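To start, the structure itself, in structure tokens.
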Amino acid sequence: MKLLIYIILGIIQGFTEPLPVSSSGHIFLFKNIFNTNIFNDLNFEIVANFGSFLAILFIFRKDIIELVTSFFKYIFKKKERKKYKDKFKYCIALIISTIPVGIVGILLKDFIENKLQNIYFLGFAFLITALMLFLIRNKNGKKEDKDITYKDAIIIGLIQMITVMPGISRSGTVLVACLLCGLSRSSALKYTFILYFPISAATMILGVSDIIEAGNLNELLIPYLSGLVAAGIVTYFTYKWLSDMVKKGKLWKFSIYCICLAIFIFIYFR
């Protein structure tokens, strides 16, 4: 039964991580509905997130390799800098966009955990996500990867800060920010998920020590690995679906889902 539950949790993580509907918000909702200790297993959340991380890394593996190699070639091969300038600039933009949410996450961690971990706040957060997705339903800019400016990176980073609140979708918020900055849908999608890597990697690195210190890793090794695999497989196919939805301008459909989820929360937990 425990193995089955962790697989189900992995599927929930894998399905909600790429979509603009907040994976952390869904986990928090399930915690409140079922009131079981398994949903309070923060170590498993880290493991399941790693499954999603691996799936998205596989999808963008060529882009990541190209960006990393171009970044260092720009630094060390001075005679060929012009060739790698756009990729280097893209990497710097990613770093700029990451800094604000990192600072806010560190400074407000305790406040968020103590004050915002509230089921009613979660309902309002889903409504905020729904509103953002609806407002950009017809947006499709002309900027491609090479056209992203440092100003765009700062704006995206500042808007991304609100995603530290439970229920505010990170992918949805960053997609909205990218489209508001005039990026094309394909470039917005790419920037959103490549920006996912530094944030997700930092979260996992900080959580590794907690997993090791838990002391029950041998007992949960198979359930954890099963959940990780489930999360990775579902994330892969869910991203493919999201990519198609974004390119066709159908993000607004997720706003309907978030509204229905908020209504459910307000009625179920009244």
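Numbers for residues simply follow the sequence, beginning at 1. Quick caveat: nothing in here was measured; it's all calculated off a predicted structure.
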Checklist entry - Should we count CZ of F124 as having more than 12 external heavy atoms under 6.0 Å? => result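 For F124, atom CZ is not crowded (no more than 12 foreign heavy atoms under 6.0 Å).
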Checklist entry - So with a 6.0 Å cut-off around CZ of F121, is the heavy-atom count from everything else above 12? => result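 Yes - once you tally the heavy atoms of other residues, nucleotides and ligands closer than 6.0 Å, there are more than 12.
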Just say parallel, tilted or perpendicular for the rings of [X] and [Y], cut-offs at 30° and 60°.
X	Y	value
H26	Y257	parallel
F76	F72	parallel
F88	Y74	parallel
F193	F60	parallel
F269	F264	perpendicular

Checklist entry - Looking at V176, I259, I168, which one forms a side-chain contact (heavy atoms from CB on, under 4.5 Å) with T129? => result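 With T129 as partner, side-chain contact (heavy atoms from CB on, under 4.5 Å) holds for just one option, I168.
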Item to check | Option from D152, T192, L195 for which side-chain contact (heavy atoms from CB on, under 4.5 Å) with C178 holds | outcome: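 Testing each of D152, T192, L195 against C178, the sole residue satisfying side-chain contact (heavy atoms from CB on, under 4.5 Å) is T192.
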Considering all heavy atoms, the nearest [X]-[Y] contact:
X	Y	result
T238	V234	OG1-O, 2.6 Å
G123	A262	O-CB, 3.4 Å
A177	I159	CB-CD1, 3.7 Å
K146	K89	O-NZ, 4.0 Å
M132	I136	O-CG1, 3.3 Å

Distance-only, no hydrogens or angles: does the [X] side chain make a donor-acceptor pair with backbone N or O of [Y] under 3.5 Å?
X	Y	answer
R81	K78	no
S97	A153	yes
S243	K240	no

Item to check | Distance under 6.0 Å and angle within 45° of ring axis: K143 vs Y191 | outcome: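 Geometry flag: not set, cation outside 6.0 Å or 45°.
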Could you state the interatomic distance from [atom1] ([X]) to [atom2] ([Y]), rounded to the nearest 0.5 Å?
X	Y	atom1	atom2	value
I162	S169	CD1	OG	9.5 Å
I33	I119	CD1	CD1	7.0 Å
I27	L9	CD1	CG	5.5 Å
I222	I7	CD1	CD1	10.5 Å
I59	K190	CD1	NZ	14.0 Å
F197	L57	CZ	CG	5.0 Å

Looking at residues at least two apart in the chain, or sitting in another chain, which of them share a side-chain hydrogen bond (donor to acceptor under 3.5 Å, both in side chains) with [X]?
X	value
Y239	none
S184	E144, S186, S187
N138	none
Q160	R170

Checklist entry - Can you check side-chain contact (heavy atoms from CB on, under 4.5 Å) on F266 and L127, steps first, answer last? => result CA-CA 11 Å; F266 294 136; L127 288 178; 3.9 Å; yes
Next on the checklist: Between E80 and K73, does any NZ, NE, NH1 or NH2 come within less than 4.0 Å of an OD or OE carboxylate oxygen?
Outcome noted: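 No, no charged N to carboxylate O under 4.0 Å.
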Checklist entry - N49 and S52: side-chain donor and acceptor closer than 3.5 Å? => result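 There is no such pair (donor and acceptor under 3.5 Å, judged by atom type) between the side chains of N49 and S52.
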Checklist entry - Of all residues at least two apart in sequence or in a different chain, which pass the salt bridge (Lys or Arg N to Asp or Glu O under 4.0 Å) check with K62? => result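 Result, salt bridge (Lys or Arg N to Asp or Glu O under 4.0 Å) vs K62: none returned.
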Does [X] share a hydrophobic cluster with [Y], counting links as ILVMFWY side-chain heavy atoms below 4.5 Å and allowing steps through other members?
X	Y	result
W252	F126	no
F237	F50	yes
I46	F28	yes
I263	Y120	yes
Y150	I99	yes

Indicate every side-chain donor-acceptor pair of residues 16-24 with a distance under 3.5 Å to a residue at least two apart or in another chain.
residue, atom, partner, partner atom, Å
T16, OG1, I12, O, 2.7
E17, OE1, Q13, NE2, 2.9
E17, OE1, S23, OG, 3.1
S22, OG, S24, OG, 3.4
S22, OG, G25, N, 2.9

Validation row: [X], [Y] side chains within 4.5 angstrom (heavy atoms):
X	Y	value
I265	L29	yes
L54	T235	no
F53	Y196	yes
M245	L251	no

Item to check | From CA spacing to verdict: side-chain contact (heavy atoms from CB on, under 4.5 Å), F134, I256 | outcome: CA-CA 9 Å; F134 184 76; I256 295 174; over 6 Å; no
